Amino acid sequence: MTSPPSDTRTDPAPAPVEAPQPLPGGLAAFLVFLSSGAVLVLETVSLRLVGPYVGITLQVTSSVIGLALAAIAYGAWTGGWLADRRNPRRMLAPALILAAIATAVTLPLVRYAGEVLRGAAAPGTLLLTGLAVFVPAALLSSITPMVVKLQLGDLKRTGQVVGRLSSIGTLGGITATLGTGFVLVATLPSTVIMVALAVVIGGTGLALGRYLYLRDRTALPGPARTKTVLAVVGLGAAMLSAVAPTPCDVETAYHCAKVQADSERPSGRLLLLNSAHHSFVDLADPTYLRFGYTQWIGAAADQMAPPGQPLSAVHLGGGGFTMPRYLTATRPGSENLVYEIDGGLVELARRKLDVRDGPQLQVAVGDARVLLAGLPDGERDLVVGDAFGHLAVPWHLATRQMAAEVRRVLRPGGLYVQNVIDYPGLRFIRAQVATVAAEFDHVALVAPPAALAGEQASNFLIVASDAPLPLTELDRRLAGLAEPVQLLSGAGLSDFVGDTLVLTDDYAPVDQLLSPS
């Protein structure tokens with residue numbers, strides 16, 4: 001008995017899986033350019049979104065940059081992982097649409113969360129920053145590896161393809177950074193920038209999905225229910241953006257600025273910059289000084305010349321223009337030259353704080369140190385340093401070289417007063433006093449006793465001159481104020497300062513000195 005013949009036929013080999021078709025070169029370049037640029041727009045605008053709630057400090061800036069880089073890293077990693085497992089052509093359009101929705105949701109999310117996290121410490125700052133940038137930046141960063149995967153059809157051209165797309169992505173980031181910093185932020189509110197960016201990203205995703213579907217049916221349109229859900233989410237995000245609480249009257253190139261009427265004084269106006277109480281102005285009575293540090297400045301100015309004698313003053317920082325008003329009211333004929341870097345803030349002061357240019361008030365928009373360098377030697381009686389980036393003196397205005405510039409423009413016997421904010425630990429105020437004392441022979445310090453003891457955060461006022469200070473008269477005037485303050489000078493001030501460092505243009509770690517030790 002013979003066995004039946006065995007079937008020697010072999011099943012046909014499975015057909016090779018066809019590699020996804022590459023995108024047209026111009027389209028691939030556009031997607032990489034757009035997605036990379038959009039990430040940098042988000043990073044730049046995020047700093048403005050979180051600033052009103054947690055300030056604009058080195059730590060906040062570092063948080064935005066660090067979390068944006070983390071989003072880029074995780075997004076690129078995830079996008080490459082997915083591109084190796086699924087057809088990237090099917091994922092590009094959905095990724096863009098999801099990024100658009102995440103971008104649209106960001107603004108209301110940050111503004112509602114910001115009210116809860118206002119003034120938060122480092123963990124709250126990181127959380128708010130993460131809400132502002134991480135998800136949309138990660139989704140956008142997944143686009144480039146997907147596009148790269150599609151374009152790698154010829155292994156002999158791998159280096160050329162990867163290098164070209166990497167270069168285009170970098171150019172997109174550079175273009176977005178410069179365009180946002182120099183154009184968008186200076187001309188448009190953050191709300192408009194974020195909504196417009198979401199529309200551009202979402203429109204690109206929809207157009208890409210339609211193009212790929214019509215071309216080769218590889219990017220199939222989703223079910224009607226999915227489209228409806230996406231449309232509702234996008235519309236809801238846009239509506240939330242429209243009704244989300246805004247902490248600003250105006251967004252300038254540097255600040256979220258707001259002017260509030262005072263409930264106790266009908267003519268009183270409070271200027272807030274990035275949520276910080278910056279200036280108080282009484283429109284009907286310019287001699288009224290509410291904040292303690294303005295009272296100290298007024299007291300120092302009152303003692304440097306006979307009552308009513310005009311002074312020639314330079315103000316480093318305008319804010320609410322409180323001190324120029326005071327000098328004009330108490331010393332008619334005084335010349336006040338104000339250097340304010342924020343032109344938008346100057347316009348707000350003209351519109352809402354009744355600031356009027358004239359013979360007794362001239363305003364120059366620009367960096368105080370750069371503008372001060374253009375003044376002749378020995379021209380001014382008084383220099384008032386009151387410039388801040390949120391709650392910190394800008395580092396280049398806190399150095400010995402800056403103090404030397406101030407001394408240069410003062411007449412013999414002229415007075416320099418500098419407002420400084422510091423916290424328990426007192427590392428910055430000690431360094432700042434030492435820095436000013438390196439250029440001026442006579443220095444004093446005004447502050448509440450509890451602040452000098454390191455028990456509370458406070459304003460401090462440095463008073464300096466190349467001539468002996470009227471300490472007895474100044475102490476008597478300060479004693480008449482409602483808030484108790486202490487005047488330190490001589491050996492007491494030397495003991496307070498100790499052997500702390502002098503800040504220079506080469507080394508001025510202002511933000512680090514302000515951080516708790």
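Because the structure is a prediction, the values reported are computed rather than measured.
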Side chains of Arg407 and Ser465: donor-acceptor distance under 3.5 Å anywhere?
-> no
Check whether the side chains of Thr504 and Asp506 place a donor and an acceptor atom closer than 3.5 Å, and report yes or no.
-> no
With distance as the sole test, does Thr399 use its side chain to make a donor-acceptor pair with the main-chain N or O of Trp395 at under 3.5 Å?
-> no
Does the ring of Phe280 carry Arg269 above it, NZ/CZ under 6.0 angstrom from centre and within 45° of its axis?
-> no
Are any side-chain N or O atoms of Gln418 and backbone N or O atoms of Ile462, one a donor and one an acceptor, separated by less than 3.5 Å?
-> no
Can any side-chain N or O of Arg331 pair as donor or acceptor with the backbone N or O of Ala305 at less than 3.5 Å?
-> yes
Does a donor on one side chain and an acceptor on the other come within less than 3.5 Å for His315 and Asn336?
-> yes
Would you mind checking if Asp505 and Arg369 are paired as a salt bridge, meaning a charged N to carboxylate O distance below 4.0 Å?
-> yes
Has the side chain of Arg427 got a donor or acceptor atom that lies under 3.5 Å from a matching backbone atom of Gln512?
-> yes
Closest non-hydrogen contact found for Asp282 with Asp285 is OD1-N, 3.0 Å
Between Ala444 and Leu487, which heavy-atom pair has the shortest distance, and what is it?
-> CB-CD1, 3.9 Å
Tell me, which pairs form a side-chain hydrogen bond (donor to acceptor under 3.5 Å, both in side chains) where one or both residues lie in residues 466-490, sequence neighbours left out?
-> Asp302-Arg477
